[in-house]
Amino acid sequence: QHATTGKDEL
Amino acid sequence: MNIFRLTGDLAHLTAIIILLLKIWKTRSCSGISGKSQILFTVVYITRYLDLFTNYISAYNTLMKIIFVVSSLATVFLIYFKFKATYDRNHDTFRMEFLIIPSIILALLIRHEFTVMEVLWTFSIYLEAVAILPQLFLVSKTGEAETITSHYLFALGSYRGLYLLNWIWRYYFENFLDWISIVAGFVQTVLYCDFFYLYVTRVLHGRKLRLPA
């Protein structure tokens with residue numbers, strides 16, 4: 001998975 | 001968004017509100033580690049820099065702003081407004097012991113070598129251990145006020161619920177981020193001893209006192 005994917009989390 | 005994410009976020013929000021209310025209502029921050037609160041502020045500021053670069057949702061933006069602002073407010077209350085009540089003699093954990101290893105680890109183990117990504121990773125690692133000065137303070141004084149125990153329980157539950165969220169996301173969205181998962185696991189494990197005392201003592205109406 002890509003680096004930017006987790007950024008919707010807080 | 002799944003139920004674990006949402007309840008995790010709400011637990012996090014609850015923790016922050018409990019802490020602010022406790023300090024405000026009692027006009028005192030005794031028993032609270034200012035150092036942990038500074039570390040959390042550093043965590044939120046370094047993680048939420050993406051507020052300036054990408055928009056995800058109104059919920060996401062609002063929560064990020066609440067976390068940054070409330071942590072700054074908490075630090076202000078501890079170090080300025082109610083500084084006379086701050087337990088500085090017991091709050092002796094050295095912040096650099098947590099910050100420096102987190103920086104080094106973030107430089108070594110991260111997805112991409114960009115400023116934003118390294119800062120995000122640093123914030124994930126630092127958050128995992130940011131509660132240590134608070135737990136250290138509790139162990140030094142040997143007890144915690146009940147309201148502080150509720151704060152710690154809510155704050156500890158939040159990352160535990162995120163672990164369930166990551167399991168959910170792995171199964172249903174094929175999403176996997178080992179950095180968040182491992183750090184979140186470490187973060188949750190640090191609370192285990194406290195969780196045990198919370199359930200066996202505080203929930204039975206007693207004050208949280210550490211066994212001698």
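This is a predicted model, so every value here is computed, not measured. Chain letters run A, B, ... following the sequence lines, proteins first, then strands; residues in each count from 1.
Within the 4.5 angstrom heavy-atom criterion, only side-chain atoms of B/Trp166, from C-beta onward, approach chain A. Residue B/Asp50 touches chain A through its side chain alone, counting heavy-atom pairs closer than 4.5 Å. Looking at B/Tyr48, only its side chain comes within 4.5 Å of chain A, counting heavy atoms on both sides.
Looking at A/Glu9 and B/Arg47, no side-chain N of the basic residue comes within less than 4.0 Å of a carboxylate O on the acidic one, giving no salt bridge.
A distance of 4.5 Å separates CG of A/Asp8 from CZ of B/Arg169, quoted to the nearest 0.5 Å.
For B/Tyr79, the OH atom counts as densely surrounded, since its 6.0 Å shell holds more than 12 non-hydrogen atoms of other residues, nucleotides or ligands. Counting non-hydrogen atoms of neighbouring residues, nucleotides and ligands closer than 6.0 angstrom, the OH atom of B/Tyr170 reaches no more than 12 such neighbours. Heavy-atom neighbours of B/Phe52 CZ from other residues, nucleotides or ligands within 6.0 Å: at or below the threshold of 12.
Considering all non-hydrogen atoms of both residues, B/Asn60 and A/Leu10 come closest at O-CD2, 4.0 Å.
Each of B/Tyr162, B/Tyr44, B/Phe67 has some count of heavy-atom pairs under 4.5 Å with chain A, and the biggest count is that of B/Tyr162.
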